[in-house]
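One structure is given below, encoded as structure tokens.
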Amino acid sequence: MHVLITGANRGIGRALADRYRAAGHEVTGTARDGSEAISLDVTKPDTHAKMAEALAGREIDLLVCNAGVYLDKGYGFDEYHSDLWAQTFAANVTGVFLTVQTLLPNLRAAGGRIAVLSSIMASHTRAPGGSYVYRASKAAVLNLGRNLATDLEPQGVAVGIYHPGWVRTDMGGTGADLHVDEATSGLVDRFDALSLATTGCFESWDGGPIDY
């Protein structure tokens with residue numbers, strides 16, 4: 001199985017890449033800093049074009065859209081500015097769409113699957129306040145994933161949207177609930193279970209369904 005993971009240079013992305021490699025799968029990682037096989041800034045169309053060229057003719061069985069940012073973590077209300085919104089949505093929403101758009105021929109060739117990492121913070125049932133930009137972007141990418149699932153099902157490509165848990169990474173912080181190994185083990189199980197029969201699902205790392 002050929003797995004492509006965006007943002008594979010750190011955190012959950014790196015842990016997923018390590019787990020798939022250890023299981024004997026072929027893994028292509030991307031990172032904007034050039035530390036992975038594919039140099040990709042998901043916000044920049046020219047780097048997507050280079051990725052498409054590098055992967056031309058290669059099937060992708062699983063695309064994990066993991067790359068993202070949390071720029072407003074801990075921000076106060078008066079600290080928000082328009083660039084913060086633009087940068088976050090460019091990475092967390094537009095970046096996912098551009099990645100899927102770029103790699104769709106590779107996925108169609110394999111009858112592949114797409115796993116989009118969103119967050120339980122995307123759910124309308126959770127509104128404790130704060131993190132406005134991040135929450136809005138994760139809600140938007142949930143909506144994107146659900147609509148992609150509808151459009152790509154006739155093409156044989158399943159799409160799932162997932163909450164990875166609150167994980168002890170650079171983004172999650174040291175006070176988070178889960179060790180990265182526990183989270184990635186659950187996510188791999190979720191990705192393995194994804195099929196055209198379950199396309200459009202919004203699930204937690206441990207398999208629990210999440211309200212939209």
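Taking hydrophobic clusters as Ile, Leu, Val, Met, Phe, Trp and Tyr residues chained together by side-chain heavy-atom distances below 4.5 Å, Val27 shares a cluster with Val188. A continuous path of hydrophobic side-chain contacts links Ile38 to Val100 [ILVMFWY only; heavy atoms under 4.5 Å]. In the hydrophobic clustering of this structure, Leu63 groups with Leu144; members are Ile, Leu, Val, Met, Phe, Trp, Tyr whose side-chain heavy atoms approach within less than 4.5 Å, directly or through other members. Follow the hydrophobic side-chain contacts under 4.5 Å out from Leu187 and you reach Leu194 in the same cluster.
Closest heavy-atom contact between Ile120 and Ile210: CG1-CG2, 4.0 Å. Across all their heavy atoms, Asn9 and Ser35 have their closest contact at CB-OG, 3.3 Å. In terms of heavy-atom proximity, Gly200 sits nearest to Ile161 at O-CD1, 4.1 Å. The two residues Asn92 and Gly68 make their nearest non-hydrogen contact at OD1-CA, 3.1 Å. Contact detail for Pro164 and Ile12: the closest heavy-atom pair is CB-CD1, 3.6 Å. In terms of heavy-atom proximity, Ala91 sits nearest to Val69 at CB-CG2, 3.9 Å.
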For this session: May I have the step-by-step check of side-chain contact (heavy atoms from CB on, under 4.5 Å) for Leu71 and Gln87, ending in yes or no?
Result: CA-CA 8 Å; Leu71 302 180; Gln87 293 165 16; 3.5 Å; yes
Exercise. Given Val159 and Arg113, is the side-chain contact (heavy atoms from CB on, under 4.5 Å) satisfied, shown in steps?
Worked result: CA-CA 6 Å; Val159 182; Arg113 294 162 290 151; over 6 Å; no
For this session: Give the intermediate values and the outcome of side-chain contact (heavy atoms from CB on, under 4.5 Å) for residues Trp205 and Thr184.
Result: CA-CA 8 Å; Trp205 66 277; Thr184 52; over 6 Å; no
Exercise. Stepwise, does the side-chain contact (heavy atoms from CB on, under 4.5 Å) test hold for Asp181 with Arg19?
Worked result: CA-CA 9 Å; Asp181 290 342; Arg19 185 172 290 270; 4.0 Å; yes
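In this structure, Ile114 CD1 and Ile60 CD1 are separated by 9.5 Å, a value rounded to the nearest 0.5 Å. Atom CG in Leu142 sits 12.5 Å away from atom CG in Leu117 (nearest 0.5 Å). Taking OG1 of Thr94 as the start and CZ of Phe89 as the end, the distance is 8.5 Å to the nearest 0.5 Å. Rounded to the nearest 0.5 Å, atoms CG (Asn66) and CZ (Arg14) are 12.0 Å apart. The NZ atom of Lys44 sits 7.5 Å away from atom OG1 of Thr47, with the distance rounded to the nearest 0.5 Å. Between atom CG of residue Asp18 and atom CD1 of residue Ile5 there is a gap of 8.5 Å, rounded to the nearest 0.5 Å.
The side-chain heavy atoms of Leu104 and Leu152, taken from C-beta on, include a pair separated by under 4.5 Å. At a threshold of 4.5 Å between non-hydrogen side-chain atoms, the residues Val3 and Asp61 do not count as touching. Using a 4.5 Å heavy-atom threshold, the side chains of Thr30 and Ser39 count as separate. Contact annotation: the side chain of Val141 approaches that of Lys138 to within less than 4.5 Å [non-hydrogen atoms, C-beta and beyond]. Contact annotation: the side chain of Val133 approaches that of Tyr80 to within less than 4.5 Å [non-hydrogen atoms, C-beta and beyond]. Between Val116 and Val96 there is a side-chain heavy-atom pair separated by less than 4.5 Å. Contact check for Pro128 versus Arg135: side-chain heavy atoms found under the 4.5 Å cut-off.
Residue Arg126 places its CZ atom among 12 or fewer non-hydrogen atoms of other residues, nucleotides or ligands, all under 6.0 Å distant. Surrounding CZ of Arg32 are at most 12 heavy atoms belonging to other residues, nucleotides or ligands under 6.0 Å away.
Residue pairs meeting the side chain to side chain donor-acceptor pair (under 3.5 Å) criterion with at least one partner in residues 139-160, sequence neighbours excluded, are Arg108-Gln155, Asn143-Asn147, Arg146-Tyr212. Among residue pairs with one or both ends in residues 19-38, those qualifying as ring-ring contact (aromatic ring centres under 6.0 Å, His included) are Tyr20-His25; sequence neighbours excluded.
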Return a table of donor-acceptor pairs under 3.5 angstrom between the side chains of residues 48-58 and protein atoms on other chains or two or more places apart.
from, atom 1, to, atom 2, distance (Å)
His48, ND1, Thr102, OG1, 3.4
His48, NE2, Val42, O, 2.9
Arg58, NH2, Glu26, OE2, 2.1

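Counted by atom type alone, Ser118 and His163 present zero donor-acceptor pairs between their side chains at under 3.5 Å.
With sequence neighbours left out, the salt bridge (charged side-chain N to carboxylate O under 4.0 Å, His left out) criterion links Arg190 to Glu203. Ser82 pairs by the side chain to side chain contact (heavy atoms under 4.5 Å, CB included) definition with nothing, not counting sequence neighbours. Judged as a ring-ring contact (aromatic ring centres under 6.0 Å, His included), and not counting sequence neighbours, the contacts of Phe191 are Tyr162.
Shown are Ser131, Ser137, Ser119; of these, the side-chain hydrogen bond (donor to acceptor under 3.5 Å, both in side chains) with Tyr70 is made only by Ser131.
Classification of the Phe77-Tyr132 ring pair by plane angle, with boundaries at 30° and 60°, yields perpendicular.
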